[in-house]
Amino acid sequence: MRIYSSLSREVEPLRTLEPGHVRMYVCGMTVYDYCHIGHARAMLTFDVVYRTLLEKGYKVTYVRNHTDVDDKIIARAIENGEEPLVLSERFIAALDEDLARLGLLLPSEQPKVSENIPQIIDLVGALIERGHAYAADGDVYFAVETYEAYGKLSGKRLADLRAGERVDVDSRKRHPGDFALWKAAKPSEVAWQSPWGPGRPGWHIECSAMSMRYLGPGFDIHGGGIDLIFPHHENEIAQSECGTGHHPYARIWMHNGHLTMGETKMSKSIGNVVRIRDILDAVPAEALRLLYLESHYRGPLPYSNDRLTDAIVALDRLYHAKELVEELEAQGSGPALAELLRDQKAEIGEVVELVRGFEARFMAAMDDDFNTAAAITLLHELVRALNRYGNNKKLVKKAHALAAPAARCFALAGRVLGLGGLSSEAWYQQVRQRRLLALGKSEAEVQALVDARLAARAGKDWAAADALRVGLDALGVVLMDGPTGTRWRMKVD
RNA sequence: GGCGAUGUACCCAAGUGGCCAAAGGGGCGGGUUUGCAAAACCCGUAUUCACCGGUUCGAAUCCGGUCGUCGCCUCCA
């Protein structure tokens, strides 16, 4: 398993602190609003990391936090006339729902800032004691000049930071780069009692405190969006390593690239956001997952509706192949795989080879810094071979032995990528329902028209049958006549 | 100004020294199949990897330069 680390700036082997056990912390969300599909990319990236590690047999302790105490939350709560923690609780529930719909596995722990205040206060106290932090008027600041390695993650040097250029420098700071560990509460703000007076944690300290609580002073992987490298992660390293004296804090730093709309990143401050829930109302979660996983997690991800449609089309084809596998499985046993290989038919040999080599090649792609695009290519190759084979009705009757191993390939992709794990019927049903809903049509309504056409066909009244089909086409319904009957589905565009 | 990415076909995208006269998906064109369709499958669609120069027996992949785009340096996944 090789992973690119932003800290070393190279791909390095995963060497866990404890054999067979990966400890991973990922920066979660600041919950003051619904999450958008850019956030979804970050969450999905580390979901796939988690799934891959589990598949490889690691024990994984995966911690992802909810930041529920923060300036923006307070500001929003004041706007709403709502208690900050009530507001954040509401959005945590919404986030949980969105991520569940996206098919994300639950992390081992999901700590909240509000439930880790004592740990934070202890850490701030330790930093003061060790001479890395100082109190000023109820605030506590980290003194960046006391940490010689400051800047090692982001590559920034203190002298280069143009502090004060965009934000006024607080005169209480000893160095413009010093950052708040603890903020004195303004009257009527949420506050906790501390040795420095009532206040709340600064932005970065919570991740240090929560990761240490669940993972210890040093752990294996720390993840988050690329925009967090500076200042968030840089500061997290400084306060953690200075607070415990243990280094390195995290051994591998992973950062996912941004999702972009056109050329610019999606961001709440820019206002070009699309909510997770709105997309998931319109398309199945796997479509979004496929779109994301087709690009490497570290690069930018250009989002567009066209690409989302492309993904649905590709998944339709994938589930067409899976349907064949399901049919073969239902038909029971046939000749053994080895026997199939002796068959001279090229179609069989090819599928057998692909199926047999699938798991090793798939996992090799994932081992290479999570090359999901390469893994998906293998899935596409398998799908094409399966479909080609499925077109040959004579061959299909002979090769039931293929069914179980082919099904295992889909199951593997389902476990690791969250793609291809559904039954074909469940997939088609999802696409149908969402389109039907969008069009305000009912399934029964469509089915009646399909049945009427079927009757016309049975009487070889081609003119009537075609007229009905044209009508259905206008509704966005595509018909597929097969040997076992007529199936239909909704057009995606 | 500093730091960091990135530029591969109509679109998306993998590949970072020889297996590349460059995967895979979408699109488009042609074909098989079909009552006609749809789906599936087959064939085609980059002698070329932003541009210029260099290293090498050999480069999309390494080095130098130029141009373009994006991100961070303030809150941000």
Side-chain angles (χ1 to χ4, degrees), chain A residues 6 9 26-30 35-46 70-72 75 151 154-157 159-168 177 203 223-232 234 255-260 262-270 290-291 294-296 298-304 306-307 309-318 320-321 323-324 347 365 368 371-381 383-393 457 460-463 465-466 469-470 473 477-482 486-489 491:
Chain A
S6 310
R9 285 155 221 255
V26 172
C27 287
M29 300 299 311
T30 299
C35 289
H36 60 64
I37 56 177
H39 301 129
R41 186 190 193 193
M43 300 298 110
L44 179 65
T45 294
F46 294 103
D70 162 272
D71 290 356
K72 286 193 296 286
S154 60
K156 294 181 192 307
R157 284 162 304 204
D160 291 338
L161 297 180
R162 306 175 76 172
E165 177 155 315
R166 299 170 73 174
V167 167
D168 287 340
W203 175 34
I226 195 170
D227 52 340
L228 295 179
I229 289 177
F230 191 90
H232 185 58
E234 193 70 64
H255 291 101
N256 63 276
H258 280 134
L259 178 144
T260 60
E263 300 284 63
T264 46
K265 81 164 184 174
M266 175 170 290
S267 148
K268 277 184 267 202
S269 46
I270 297 172
L290 177 61
L291 163 54
E294 274 175 337
S295 300
H296 189 82
R298 277 192 279 123
L301 177 79
Y303 177 86
S304 72
D306 282 353
R307 292 196 64 191
T309 304
D310 289 354
I312 294 173
V313 170
L315 283 164
D316 268 346
R317 192 178 69 124
L318 183 148
H320 185 270
E323 188 176 17
L324 169 72
E347 285 93 335
D368 180 18
N371 193 339
T372 52
I376 287 168
T377 290
L378 295 170
L379 201 52
H380 284 311
E381 283 176 358
V383 163
R384 183 171 5 95
L386 241 20
N387 280 334
R388 178 192 306 146
Y389 162 75
N391 272 351
N392 190 327
K393 298 306 169 207
R457 287 188 77 220
K460 293 204 190 296
D461 184 353
W462 306 128
D466 287 350
R469 191 180 58 210
V470 170
D473 185 73
V477 177
V478 184
L479 297 165
M480 290 170 288
D481 298 328
T486 291
R487 308 177 20 125
W488 60 274
R489 67 193 203 193
K491 281 191 282 196

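Quick note on labels: first sequence line is chain A, next is B, and so on, each numbered from 1.
- Separating the CE atom of A:Met480 from the P atom of B:A40 is a distance of 9 Å, rounded to the nearest angstrom.
- Note that the CG atom of A:Leu44 and the CD1 atom of A:Ile37 stand 12.0 Å from one another [nearest 0.5 Å].
- Annotation: side chain of A:Met266 is not in contact with side chain of A:Thr260 (no heavy-atom distance under 4.5 Å).
- Across B:U33 and B:A39, the matching C1' atoms stand 11 Å from one another, rounded to whole Å.
- Among the atoms of the strands shown, base atoms are found under 4.0 Å from some heavy atom of A:Gly257.
- Interatomic distance, A:Asn256 CG to A:His296 NE2, rounded to the nearest 0.5 Å: 10.5 Å.
- Judged by distance alone with a 3.5 Å cut-off, a donor-acceptor contact links the side chain of A:Arg457 to the base of B:G35.
- Contacts of A:Arg487 with the nucleic acid, taken as non-hydrogen atoms under 4.0 Å apart, are absent.
- Using modelled atom types, no side-chain atom of A:Thr486 and backbone atom of A:Gly482 make a donor-acceptor pair closer than 3.5 Å.
- Partner assigned to B:C28 is B:G44, using Watson-Crick or G-U wobble distances below 3.5 angstrom.
- Considering only side-chain atoms of A:Thr30, the nucleotide from B:A77, B:C72, B:C42 that sits closest is B:A77.
- With both ends at atom P, the span from B:A60 to B:U16 equals 13 Å, rounded to whole Å.
- Side-chain N or O atoms of A:His36 include one that pairs as donor or acceptor with a backbone N or O of A:Gly38 at under 3.5 Å.
- Salt bridge absent: A:Arg487 and A:Asp481 never bring a charged side-chain N and a carboxylate O closer than 4.0 Å.
- Residues A:Arg41 and A:Tyr303 fail the side-chain proximity criterion, which asks for heavy atoms closer than 4.5 Å.
- Figure legend. B:A22 is base-paired to no nucleotide; pairs are counted as Watson-Crick or G-U wobble with both atom distances under 3.5 Å.
- Comparing the C1' positions of B:C63 and B:G17 gives an interatomic distance of 13 Å, to the nearest angstrom.
- Using a 4.0 Å heavy-atom distance criterion, A:Gly38 is classed as a base contact.
- Taking atom C1' on both B:U8 and B:C51, the two are 14 Å apart, rounded to the nearest angstrom.
- Taking every side-chain heavy atom of A:Arg388 into account, B:C41 is the closest of B:C41, B:A39, B:A23.
- An OP1 or OP2 oxygen of B:A77 is reached within less than 4.0 angstrom by no side-chain nitrogen or oxygen of A:Asn256.
- Nucleotide B:A59 is matched to nothing when pairs are restricted to Watson-Crick or G-U wobble geometry with both distances under 3.5 angstrom.
- For B:C11, the base has no donor-acceptor partner in the side chain of A:Arg307 [N/O atoms by modelled type, under 3.5 angstrom].
- Side-chain proximity of A:Met266 to B:A77, B:A40, B:G25: nearest is B:A77.
- In this structure, A:His296 places its NE2 atom 13 Å from P of B:A13, rounding to the nearest Å.
- Nearest to the side chain of A:Asp481, among B:G71, B:A38, B:C36, sits B:C36.
- Atoms CZ (A:Arg298) and P (B:C70) sit 22 Å apart, rounded to a whole Å.
- Residue A:Leu228 is classed as a sugar-phosphate contact, given heavy-atom separations below 4.0 Å to backbone atoms only.
- The separation of B:A14 from B:U6, taken at their P atoms, amounts to 11 Å, rounded to a whole angstrom.
- Minimum atom distance to the side chain of A:Arg9 is reached by B:G4, of the listed B:G2, B:G4, B:C36.
- Remark: A:Arg384 is in phosphate contact with B:G25, judged by side-chain N or O atoms under 4.0 Å from OP1 or OP2.
- A:Tyr389 places its OH atom 20 Å from the C1' atom of B:U32, with the value rounded to the nearest Å.
- Using a 4.0 Å heavy-atom cutoff across all strands shown, A:Ile226 reaches no nucleic acid atom at all.
- B:G35 is unpaired under the criterion used here, namely a Watson-Crick or G-U wobble arrangement in which both key atom distances are under 3.5 Å.
- Using atom P as the reference point in both B:C57 and B:C49, the two lie 22 Å apart (nearest Å).
- Among the protein residues, A:His39 comes within range of the nucleic acid bases, having at least one heavy atom under 4.0 Å from a base atom.
- Considering only the side chain of A:Ser295, B:A13 comes nearest among B:A13, B:A38, B:A77.
- Counting only heavy atoms from C-beta on, A:Asn371 has its side chain closest to B:G15 among B:C36, B:G15, B:A13.
- Searching all strands for a Watson-Crick or G-U wobble partner of B:C67 with both distances below 3.5 Å returns B:G7.
- For the pair A:Asp310 CG and B:C10 P, the computed distance is 16 Å after rounding to whole Å.
- B:U6 atom C1' lies 15 Å from atom NE2 of A:His258, rounded to whole Å.
- Between B:G35, B:A40, B:G25, one nucleotide has an atom nearer to the side chain of A:Ala314 than all others, and that is B:G25.
- Between the C1' atom of B:G2 and the NZ atom of A:Lys156 lies a distance of 7 Å, rounded to the nearest Å.
- Separation of the P atoms belonging to B:C28 and B:A38 is 12 Å when rounded to the nearest angstrom.
- Nearest nucleotide to the side chain of A:Pro302, out of B:A37, B:A13, B:A14: B:A13.
- Atom pair A:Leu378:CG and B:G25:P shows a separation of 12 Å (rounding to whole Å applied).
- Side-chain contact between A:His232 and A:Ser154 is absent, with no heavy-atom pair separated by less than 4.5 Å.
- The backbone N or O of A:His255 sits nowhere less than 3.5 Å from a side-chain atom of A:Arg298 that would complete a donor-acceptor pair.
- When the side-chain nitrogen and oxygen atoms of A:Lys265 are compared with OP1 and OP2 of B:C72, one or more of them lie within a distance under 4.0 Å.
- Closest to the A:Asp466 side chain, of the nucleotides B:C36, B:G24, B:A38, is B:C36.
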